[in-house]
Amino acid sequence: MAAATTALRIGVIGGSIAGCAAAVAGSRAGADVTVYERSGAELQDRGFGIVIPPPLHRELVGSGYLDARMETAPVATRVWLTREPGGRSTRELARQSSPVTPCNWGLLWRSLRAGAGSGAVRYLRGEPVTSVGTAPDGRAVVTTARGEERYDIVVGADGHASRTRQLLAPGLTPEPAGYLVWRGAIPLSALADHPRELELLRGAWVTLGFPGGHGIFYLIPGAGDRLLAYAIYGRPPASPGVDADPGPYVSELAEEHFPAAWAEIVGHGTHRTTACHPVADLQVPRAARAPLLLAGDAAGVSRPHTASGAVKALQDALCLERVLRDEPTVGAALERYADERTAAGAHLVELGRRMGRAQVEGTPDWAAMGQAEVDDWFRGVLAGTRHYLYEQPGAGVTA
Ligand SMILES: Cc1cc2nc3c(=O)[nH]c(=O)nc-3n(C[C@H](O)[C@H](O)[C@H](O)COP(=O)(O)OP(=O)(O)OC[C@H]3O[C@@H](n4cnc5c(N)ncnc54)[C@H](O)[C@@H]3O)c2cc1C
């Protein structure tokens, strides 16, 4: 395709993680790229944590997708905790080698957006796409309030509620897991009375098990001050309406089940951000059919236990760049993309379900477990597959 006399034209719907990464991929492969982002506001203010594998981070920096100066908070160890039976103190169950690169969602987006702001990328903010169709010549037609434009490829990067997905997989709907996740981020300066917990988090990320769920805690960079990011998974409260104000219920949950120190952290009143989402997943049967291609959550959503939605979006972009460079036609490039990325997404959905069953729907008797039990239990969840968060349960801590 590099030999074509005019540059390939790619339209990207959605200018978030998947959309910006796809824009960088397209421009690096020599295409003219237009990104349509519905939101008129800057997207960088979400402030949540996003964990990615260190080798992927290195690859993205090395190949110019991410700025080497983007701050991260890498750690190499995972620590499993629970509440001491009959008490309120913390009990450590296990440690595993688990090198991860935690990022701040906003800084990650800003870095990708800067990459997509150079060269042949037009980024149109406040520009919702109202429809996508196919012209008689096989090219895609994107309609917005400013009119129609034609593209050789349209990337649907319009997130978990993607409308572009409906063109490739009509009627596909998310499968609810039946439980919720609460997310928050707290400036470390507000946690000065928790030196032990912060010391632990400077070298490790933490999973805290409780009956009916678990919480994940890790540090991420902030704008200046570092943040403690958390995600807590558990069953919904009996009374509805918690989505409107997620704070009080999750504090009660933590108060009931967490060791006192961790409950205090969750109950802290100065959260920078809190949100609550029902957990659900889905996967398209095929991630591309020329001239359409899906990337990021538009192509598939796994339960967040895999910490892989943004990872997948970034890998989608690397794959897109590779197939555009290697394949002779748009059709061949998108077929190869679909082969590779559909399988990767389906694997994550399956793994996310196994993790959700083990860590939320049917939690073990955490208090009865130690290192060997945690390692064995997680080997069972992996079921012979590999995942970057659980390199080799039982291999021991390397750093
Ligand atoms: C609790 C939790 C923890 C997570 N932790 C991790 C983690 O540690 N690691 C990880 O890799 N992933 C993680 N994820 C997943 C990750 O956050 C998402 O997979 C990722 O952010 C999705 O990015 P996206 O660009 O595909 O979608 P989105 O960020 O949803 O972006 C879609 C964009 O499309 C735009 N859009 C929609 N419709 C239109 C339209 N018609 N026209 C124009 N624009 C449109 C929207 O405005 C939006 O900006 C987590 C998710 C959750 C819920």
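Both counts, for ligands and for their atoms, begin at 1 and track the order of listing.
At under 3.5 Å, not a single nitrogen or oxygen of His160, backbone or side chain, sits near a nitrogen or oxygen of ligand 1. Not a single N or O atom of His277, backbone or side chain, sits closer than 3.5 Å to an N or O atom of ligand 1. At least one N/O-N/O distance between Ala18 and ligand 1 falls below 3.5 Å. No N or O atom of Tyr233 sits closer than 3.5 Å to an N or O atom of ligand 1. In terms of N/O distances under 3.5 Å, ligand 1 is approached by Ile17. Looking at ligand 1, you'll find an N or O of Gly309 within less than 3.5 Å of one of its N or O atoms. For ligand 1, the polar-atom distance check finds an N/O of Arg38 within less than 3.5 Å of one of the ligand's N/O atoms. The shortest N or O to N or O distance between Ala310 and ligand 1 is under 3.5 Å. When only interatomic distances are considered, the shortest N/O to N/O separation between Ala298 and ligand 1 does not fall below 3.5 Å.
Of all atoms in ligand 1, numbered sequentially from 1 with element shown, those under 4.0 Å from a heavy atom of Gly159 are 27 (O), 30 (O), 32 (C). Residue Gly296 has at least one heavy-atom neighbour below 4.0 Å for each of these atoms of ligand 1: 26 (O). For ligand 1 and Val51, the ligand atoms under 4.0 Å from any heavy atom of the residue are 7 (C), 8 (O), 9 (N), 10 (C), 11 (O). Interface atoms of ligand 1 facing Ile13, defined by a heavy-atom separation under 4.0 Å, are 40 (C), 42 (N), 43 (C). Against a heavy-atom cut-off of under 4.0 Å, Trp105 is close to the following atoms of ligand 1: 21 (O). Listed by atom number, the atoms of ligand 1 under 4.0 Å from Ala157 heavy atoms are 32 (C), 33 (C), 34 (O).
Of the heavy atoms in Lys312, none comes closer than 4.0 Å to ligand 1.
Between the side chain of Tyr337 and the main chain of Arg322, no donor-acceptor pair closer than 3.5 Å is present. Looking at His387, its side chain does come within 3.5 Å of a backbone N or O of Leu389 through a donor-acceptor pair.
A side chain to side chain donor-acceptor pair (under 3.5 Å) with Thr207 holds for exactly one of Gln359, His305, Arg78; it is Arg78.
Residue contact check for ligand 1: Ala313 places no non-hydrogen atom closer than 4.0 Å to it. Ligand 1 has at least one atom lying under 4.0 Å from a heavy atom of Val181. Within the 4.0 Å heavy-atom shell around ligand 1 one does not find Arg163. Proximity of Phe48 to ligand 1 is not established, as no heavy-atom distance is less than 4.0 Å.
Ring to ring, Tyr233 and Trp182 are not that close: their centroids are 6.0 angstrom or more apart. Checked against a 6.0 Å centroid threshold, the rings of Phe217 and Trp205 do not count as neighbours. Trp377 has its ring centre less than 6.0 Å from the ring centre of Trp366.
Taking each of Val129, Val35, Leu314, Asp158 in turn, the one with a heavy atom nearest to atom 42 (N) of ligand 1 proves to be Val129.
Counting non-hydrogen atoms of other residues, nucleotides and ligands closer than 6.0 Å to CZ of Arg163 gives a total of 12 or fewer. Within 6.0 Å of atom NE2 in His347, more than 12 heavy atoms from other residues, nucleotides or ligands are found, so the atom counts as buried in its surroundings.
Classification of Arg336 and Asp326 as a salt-bridged pair holds, one side-chain N sitting under 4.0 Å from a carboxylate O.
In this structure, the side chains of Tyr151 and Val142 come closer than 4.5 Å at one or more pairs of heavy atoms.
A cation-pi arrangement is absent between Arg235 and Tyr179, since the terminal nitrogen or guanidinium carbon is not both under 6.0 Å from the aromatic centre and inside a 45° cone about the axis.
Evaluation of the ring pair (Phe, Tyr, Trp, His ring centres under 6.0 Å) rule for Phe258 yields Phe210 as partners, not counting sequence neighbours. Val349 pairs by the side chain to side chain contact (heavy atoms under 4.5 Å, CB included) definition with Asp281, Gln283, Ser302, Arg353, not counting sequence neighbours.
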